J.: 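This is the structure I have questions about; it appears just below.
The shown structure was predicted, so the numbers you read here are calculated from the model rather than taken from an experiment. Because only heavy atoms are used, hydrogens play no part in the values below, and waters and symmetry mates are left out as well, while side chains stay in. We name chains A, B, ... by the order of the sequence lines, and we start the count at 1 in each one.
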Amino acid sequence: MKTGSNMGQGKNLGLAQAKARSTARAATLFLFPALVLITIFIVYPVIDTFVISGYKWNGISAERVFIGMENWKTLIHDEMFWKSFHHNLIVMVFSILLQIPIGMLLATFLDAGGKKFNIFKIIWFLPYLMSSVAIAFLFVYALATNGGLVSSLATIIQGKRTTVDLLGTAPNALYTIIGVMAWQFTPFYMVYFIAGYGNIDTTIYEAAIIDGATRGQYLRYIAIPLLGPIFKTACTMSLIGSLKYFDMIWNMTQGGPAGSTELMATYMYKLSFQQFNMGYGSTVAAGMFILITAIALFFTKVFKVKEEY
Amino acid sequence: MTESTQQKTAEKAENNCAAEKEKTDAYRLSRIRSGIAWGFAFLFALVQLVLTLTPFFFMLMNSFRKQFDMLQQGVFHLPDPWYFQNYVEVVTHGFFGFFMRSVYVVAVSLVLMLIISSFAAYPLARMKFKLNPYIYATIVAMMSVPMHVTLIPTFKLVTNVGLNDTLESLIGPYVAFALPMSVFILTAFMKTIPKEIEESAEIDGCNRYQNFFRMILPLSKSGLSTLAIYNGVAMWNEFAFANTFLISPENKTLPLALGQFKGEHSMNIPINMAVLTLSVLPMIILFIVFQDKLVKGMMAGAVKG
């Protein structure tokens, strides 16, 4: 055996190399389509956004004028941009405060109840199946002052015709949208936390019960601490999601009334595809990219979320 | 001496009794407390149920009303009479076109996305090569790139290639943006498949490619089906790209149908509610059929999180 291995060492090395080479070839082949698509539709556009941000361009004509950092100077002094960023931050804070705790409570309830609570799970999940556009249209009508749910309810309670204008007035509109967002996304976090509870080894639960823990104690001292990493990941997802929010708000208020629900994405869209100011629109998009990346990085560093969320 | 021992035993017995009593008290108390806790839990569950269902109730009930019945009857009143003409109107005015175009885009994108992401996940989960961790990290990092940042350059690209206002223009971005999350979840999933399966297949003369198609891919089926559900819902509902790329009404997908119908019947709320109901219905049916897969796949993805 010994002599054999000595003799075959050179050959083995050659074999190992050949194997590594064939592995590299196979890996390249398998990864190729994914990398090409990601490059064309994600990496290149992000770079190109920064390139276009150096031009004055209406998006249609071939004429593009290079203006250097002009757009960026405008962006830094653009009150509307910072105002919409501020709105994004408000949406972000309230999204995390609403969607994640409620989602977690719902998941806890379902986990404690087991299979017999399935009907709750099905119904609670329904909002997430609706598209943001559909939700926007539905709530525009459901919150309308004329024949809407809230106004009708207020009329019944007050006993006389009462209108509650949730989407038409300045401070209300943004908070109403935050509420609707919570309605839409809480189910997602609920399922996420259900999965988290499901991943906890059942033997841990059994051991805790044998040691005399009650269900409540198990939840408080074992299950919820074990959910820690999932909790952080959920926060990160909610954070990124609310910073790039667009579809629903676009179809509900288009940033109005008077810019009070303008978010970075809606502002960018308005500039680029309504006012055909693609150069500056790209600058806003690039600014948005920088801000989102910075906030996400800061968050992952501070809360030590694992890289692979 | 004897008296004191007697006393002691008596004391002991009393203590025991008290302890027993305390124990049952504690037990009763914990029962009551857990009862109260469940009471609150159910109250909370009920509130959530009402909040979730009320908008759906509003949508469904109004879709069965005549145009002016809504304001006259009030929203909490059942439709009187039940009026089905809204649905007939919606279905006969191009709803199926929107529907089928969405089916086409989602089907093509999903199939491509599932093939490509399982291709990519296989080497990342199973092969040792130098660049592996870097490629994996890069792909995963793409998850946080906001779709809307890429809108202008992609619009430019699509126009330059001459694909603007076609359904095919949506497929590239849909597949690409679904890839990072899918590769991430599938890689985690494939790592859980025992190595021995591949090794024994290799001994039986399977090469890597046969291994992938005959062993790994079939075993990843449950992971793939979850990805199909999540990304299917996302693509079915996608708005920003579709709204930017598609211009003519005969090319628009379902999320744009809502705006199209609203433009034509802006004052007719019941018709709009019928469109909404019809557009969510397929998702709800699919969800009820596949709901178990939804949580299981999330578990695979959440393991690492």
J.: Can you say whether the rings of A:Phe117 and B:Phe42 are parallel (under 30°), tilted (30 to 60°) or perpendicular (over 60°)?
T.: perpendicular

J.: Would you say the ring centers of B:Phe287 and A:Phe125 fall short of 6.0 Å from each other?
T.: yes

J.: Counting only non-hydrogen atoms closer than 4.5 Å, does A:Leu110 touch chain B with its backbone (N, CA, C, O), its side chain (CB onward), both, or neither?
T.: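 Looking at A:Leu110, nothing touches chain B.
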
J.: Report which part of A:Val43 has an atom under 4.5 Å of a heavy atom belonging to chain B: side chain, backbone, both, or neither.
T.: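 When you check distances to chain B, only side chain atoms of A:Val43 fall under 4.5 Å.
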
J.: What part of A:Ala112 is in contact with chain B, defined as an atom under 4.5 angstrom from a non-hydrogen atom: side chain, backbone, both or neither?
T.: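 Both parts, backbone and side chain.
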
J.: Is A:Leu35 close to B:Ile139 at the side-chain level, that is, under 4.5 Å between some pair of heavy atoms?
T.: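 Yes; the side chains approach each other to less than 4.5 Å.
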
J.: If we ignore angles and hydrogens, is there a donor and acceptor under 3.5 Å between the side chains of B:Asn62 and A:Tyr141?
T.: no

J.: Run A:Phe273 and B:Asn243 through side-chain contact (heavy atoms from CB on, under 4.5 Å) and show every step you take.
T.: CA-CA 10 Å; A:Phe273 297 103; B:Asn243 191 42; over 6 Å; no

J.: What heavy-atom pair brings B:Thr150 and A:Val46 nearest, and what distance separates the two atoms?
T.: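 Result for this residue pair: CG2-CG2, 4.1 Å.
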
J.: Which bit of B:Thr54 is near chain A, if near means a heavy-atom gap under 4.5 Å: side chain, backbone, both or neither?
T.: both

J.: Any donor and acceptor pair, going by atom type alone, linking the side chain of A:Thr49 with main-chain N or O of B:Val149 inside 3.5 Å?
T.: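 Present.
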
J.: Any side-chain heavy atom of B:Gln48 within less than 4.5 Å of one from A:Leu105?
T.: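 Side chain of B:Gln48 against side chain of A:Leu105, heavy atoms only: no contact under 4.5 Å found.
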
J.: Just wondering, more than 12 heavy atoms not from A:Phe231 lying within 6.0 Å of its CZ?
T.: no

J.: Under 3.5 Å, is there a donor-acceptor pair between the A:Tyr269 and B:Thr244 side chains?
T.: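 Result is yes, a qualifying pair exists.
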
J.: Do B:Phe119 and A:Phe32 have ring centroids that are under 6.0 Å from one another?
T.: no

